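Whatever order the structure lists ligands and atoms in, that order sets their numbers, starting from 1. Just so we're clear, the structure is a prediction, and the values are computed from it rather than from any experiment. Residue numbers count from 1 along this sequence.
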Amino acid sequence: MDRIRIVGGNRLHGQIPISGAKNASLPLMAASLLTDETVTLSNLPHLVDISTMAHLLTELGVHIEMDGEAPNGGHAGRALALTAKKVTESTAPYDLVRTMRASVLVLGPLLARTGHARVSLPGGCAIGTRPVDLHLSALEQMGAEIEIREGYIEAKASGRLQGAHIVFPMVSVGATENALMAAALADGVTVLANAAREPEVADLARCLMAMGAEIDGIGTDTLRIEGCDSLHGIHHPVIADRIETGTYAMAAAITGGDVVLRGSRLDLIEAIADVLRKAGSEISETAEGLRVARSNGPVQGVDVMTEPFPGFPTDMQAQFMTLMAVAEGASMITETIFENRFMHVPELCRMGANINVHGASAIVRGVPRLSGAPVMATDLRASVSLVLAGLAAEGETVINRVYHLDRGYERLEEKLSACGAEIERLKD
Ligand code: EPZ
């Protein structure tokens with residue numbers, strides 16, 4: 001299994017191209033099931049999760065053509081043309097869903113298009129139990145009959161799904177996306193209240209509008225969708241990855257560097273930018289993207305609580321904790337979205353961090369320096385937090401289980417080494 005080796009201490013300087021957002025790409029790919037015409041998505045990141053979704057869609061009958069040539073020297077990702085002329089299969093099997101929970105995003109589109117879906121129930125994962133009850137309840141309110149049988153969600157609808165007024169009891173990105181896609185082909189008007197406002201949801205809504213659905217309230221917590229009999233093909237470029245942006249912004253901050261995050265935008269990371277400024281970094285928008293620099297003194301401790309968008313994202317919590325590990329003073333980091341998302345703490349402590357977890361909060365007392373160590377993590381964002389720690393640490397850090405990173409960070413070591421980091425992939 002590959003590993004990543006980092007020798008810490010170098011300040012990052014230069015430009016980092018930001019890829020298309022993984023978490024926008026996955027639902028957009030699933031949305032191709034809603035039409036018999038071709039949906040072409042560009043600016044897709046080259047990641048294992050994208051290949052997994054492509055594999056699943058192929059099994060369901062979607063024909064996929066890939067434009068391997070990526071523009072701008074390869075960084076802007078590739079385009080996929082997805083055509084679901086006929087959906088030939090309506091089962092998302094356990095073996096695929098097990099490797100990627102986002103596979104559950106085919107449930108709404110399959111049901112809306114074919115009246116039937118059989119999707120393996122995703123189990124818990126490293127960061128929490130992550131049930132899908134909100135997805136199922138929304139689809140039931142639209143007229144679906146749902147049963148759990150032999151580990152599978154069996155959903156069927158007699159005729160078209162019906163528009164409904166759905167109030168989510170809590171904010172869920174995936175449930176909003178599943179309901180949004182189903183509503184686009186439903187009969188009548190669907191209102192989604194307390195909907196997720198994440199930019200990835202808005203990107204999906206914009207794509208569905210371009211395909212022919214009428215959607216009001218994009219970017220707010222109330223979406224009103226007027227479904228259509230049929231949707232048509234389009235070309236849609238995927239938005240920039242705000243979590244990749246935030247992660248490299250933290251890398252600039254922790255190394256006292258100065259980088260331009262090419263192709264990204266401030267409005268995608270307002271909450272992250274706000275916290276980074278309080279912690280002592282400068283962030284500005286330039287013609288090419290976002291410039292993040294830290295030159296004035298040490299990192300400052302800042303308290304943070306994760307929240308649904310526009311709050312501080314849970315997907316940045318581990319990376320921010322690494323930054324706080326070397327801050328002057330203490331900070332309290334509270335995780336409100338997932339119940340088990342502090343798995344990086346013991347590994348950071350092995351590198352010399354001083355962190356104590358009390359329930360959903362972690363008290364981080366900054367230390368002057370971390371020291372390199374062999375480490376590993378159990379999920380994507382925890383793994384990248386260890387990369388950041390390695391960049392700032394004295395000496396050598398070797399990160400195991402690199403397959404987590406490959407799920408969410410395209411060409412990570414190439415992007416960082418182009419800015420002066422000493423980082424390489426060790427092939428086994
Ligand atoms: C999406 O997951 C992202 N994944 C996650 O990114 C991200 O951490 C999360 O949103 C929160 O921002 C994708 O977009 C593919 P949720 P999702 O439904 O949709 C509970 C990464 O590292 N809940 O918004 O699965 C749930 O347990 C990943 O890229 C229910 O209780 O997240 C959690 O506590 C990890 N019932 C909370 O809601 C449900 O039916 C928010 O989850 C659904 C969710």
>> What does the 4.0 Å heavy-atom contact list look like for ligand 1?
In response: Lys22, Asn23, Ala102, Ile127, Arg130, Pro131, Val132, Asp133, Leu134, His135, Met170, Val171, Ser172, Val173, Gly174, Thr314, Asp315, Ile337, Phe338, Arg341, Leu380, Arg381
>> Would Arg197 and Phe309 count as a cation-pi pair here, with the cationic atom under 6.0 angstrom from the ring centre and within 45° of the axis?
In response: no
>> Would Arg149 pass as a cation-pi partner of Tyr152, given that its NZ or CZ must be under 6.0 Å from the six-membered ring centre and within 45 degrees of the axis?
In response: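 Not flagged: Arg149 not positioned over aromatic ring of Tyr152.
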>> Going by salt bridge (Lys or Arg N to Asp or Glu O under 4.0 Å), name the residues that satisfy it together with Asp2, two or more places apart in sequence or in a different chain.
In response: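 Residues passing salt bridge (Lys or Arg N to Asp or Glu O under 4.0 Å) with Asp2: Arg425, Lys427.
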>> Going by side-chain contact (heavy atoms from CB on, under 4.5 Å), Leu80 matches just one of Leu44, Leu57, Val62, Thr40. Which one?
In response: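 With Leu80 as partner, side-chain contact (heavy atoms from CB on, under 4.5 Å) holds for just one option, Leu44.
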> Just wondering, do Tyr403 and Val48 contact through their side chains at under 4.5 Å, heavy atoms?
Replying inline: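 The answer is no; the side chains never approach within 4.5 Å.
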> Heavy atoms, side chains only, cut-off 4.5 Å: are Leu204 and Arg206 in contact?
Replying inline: no
